[in-house]
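Report on the following structure.
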Number of protein chains: 2
Amino acid sequence: LIECRGLEKIYHMGEQVVHALDGVDLAIEDGEMLAIIGSSGSGKSTLMNILGCLDRPTAGSYMLDQHDVSRLPDDELARVRNRKIGFVFQQFNLLARSTALENVEVPLFYRGDAHPGDLARRSLERVGLANRMDHYPNQLSGGQRQRVAIARALVTEPSIILADEPTGNLDSVTTEEIMQLFLELHRQGVTLIIVTHEPNIAEYCERQIRIRDGKIVEDQRHGAP
Amino acid sequence: LIECRGLEKIYHMGEQVVHALDGVDLAIEDGEMLAIIGSSGSGKSTLMNILGCLDRPTAGSYMLDQHDVSRLPDDELARVRNRKIGFVFQQFNLLARSTALENVEVPLFYRGDAHPGDLARRSLERVGLANRMDHYPNQLSGGQRQRVAIARALVTEPSIILADEPTGNLDSVTTEEIMQLFLELHRQGVTLIIVTHEPNIAEYCERQIRIRDGKIVEDQRHGAP
Ligand SMILES: Nc1ncnc2c1ncn2[C@@H]1O[C@H](COP(=O)(O)OP(=O)(O)OP(=O)(O)O)[C@@H](O)[C@H]1O
Ligand SMILES: Nc1ncnc2c1ncn2[C@@H]1O[C@H](COP(=O)(O)OP(=O)(O)OP(=O)(O)O)[C@@H](O)[C@H]1O
Ligand SMILES: [Mg+2]
Ligand SMILES: [Mg+2]
């Protein structure tokens, strides 16, 4: 499904050069559930943004469903992204002037749905926010905002979900509920890529990849049944 | 040092009433290190904002260092806050158009320091960001932004530190470094109040308070040496 070769992301800061990604090769099968772990600043979000078609690498290739993503013009890239990928951002990226419900409707509007309200409402119910739909982001707790971001990523039922630290602001009970939701999607055939700092979240995933200084240093599969 | 009686925070959303805090009594001694735990939406950040003089309760009283904080006008409140309290926000609240270094200098400017650069630089070094001082927030990883927020909270050497989920975006090694930093401050007599979802972070604290639906439901001290 996903094939990356030699991915690099380089930033130039005056004299300084930052190698956020420094040669990443990665192949991901349809329907895999994989965890990406690594220390702060190691390159996880940078990799996720490229996988999610939100950013382009400085070098290297990215094949998604046999399309060379790097060849696509911006509007084409946006269409692939909206159709196939749901993205949970590390810092949520909600629209401040839209309610929780309106935020979750956005991806449905993009794909042309006439009546996004029902699907959006159900998505918010599944993350436990039935009674917060009309709240604006600044009227929500940190963990509630995180759950709105999750609901938004799931509402179009994408075949690939990229979740960048999706439970960082959640207590253990709510975290468990979200992981059960992800496992359910996995059982339905969705491909899940989860960045996490928490070993017990990584445990849920059949495969774990460790990133250090922009490179993959470990790639392990569990003895999954 | 801190004495809260009957704190309430009520929001009116059309017909709906949200009791973010629903009668909180809390006494905190000088030099205590305490953890606040509780599920998403239970009222932790609301309580922290009141303790940090960033918000006023709807009802109840808050005595800080024997001053009735609720009696103070806004500018007086701001002065108390800037002199005594360092606050690490759950979502960092960095200035987007200032570098990491400039962000950390802000509290020093407020107190009238002529040469904030040195103290700010040292504070960033202590959180491992010596080589990221000239980066803007959008050029930093999530965990790096969190550490800038921590460095900013510590730079004026406040006597009270309020940290709202300070390690949510950090890997275990970096988390350990930050907790060692907090323990060091604790040994120097600083009062620390840490909101956390992680039981192992709560373990570092000699006292743990659990909040549910805007009320304190547990208040335990460890057998601390
Ligand atoms: N401005 C507001 N208007 C209405 N409701 C609000 C407002 N701010 C917060 N709330 C509600 O108050 C409750 C407590 O919020 P708070 O941010 O204190 O939770 P929290 O314990 O910090 O949660 P988390 O662990 O998710 O950060 C939440 O249910 C939230 O929806
Ligand atoms: N626009 C940019 N300009 C310069 N450097 C950048 C930029 N964006 C990211 N970086 C740097 O690239 C490195 C990787 O960043 P990235 O956000 O991928 O880390 P991460 O693994 O997600 O970290 P965290 O766990 O803290 O979220 C970091 O050291 C960061 O400072
Ligand atoms: Mg990141
Ligand atoms: Mg909170």
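Each chain gets a letter, A, B and so on, in the order its sequence line appears, and its residues count up from 1.
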Contact residues of residues 32-40 of chain A (partner chain B; heavy-atom separation under 4.5 angstrom): A:G38, A:S39, A:S40
More than 12 heavy atoms of other groups within 6.0 Å of B:E176 CD: yes
Pairs of heavy atoms under 4.5 Å with chain B: top-ranked of A:A20, A:S141, A:S42: A:S141
A:Y11 portion near chain B, given a 4.5 angstrom heavy-atom threshold: neither
Enclosure of B:E157 CD (heavy-atom neighbours >12, cutoff 6.0 Å): no
For chain B, the option from A:R145, A:Q144, A:Q139, A:H135 that forms the most heavy-atom pairs under 4.5 Å: A:H135
Within 6.0 Å of OH in B:Y110, more than 12 heavy atoms from elsewhere: no
A:R126 atom CZ: more than 12 heavy-atom contacts under 6.0 Å: no
Enclosure of B:D213 CG (heavy-atom neighbours >12, cutoff 6.0 Å): no
Greatest number of heavy atom pairs closer than 4.5 Å to chain B - which of A:D171, A:L140, A:L170: A:D171
Toward chain B: residues of residues 12-19 of chain A with heavy atoms under 4.5 Å: A:M13, A:Q16, A:V18
Reported NE2-to-CD distance for the pair A:H197 and B:E198, which is rounded to 0.5 angstrom: 10.0 Å
Structural part of B:D164 lying under 4.5 Å from a heavy atom of chain A: neither
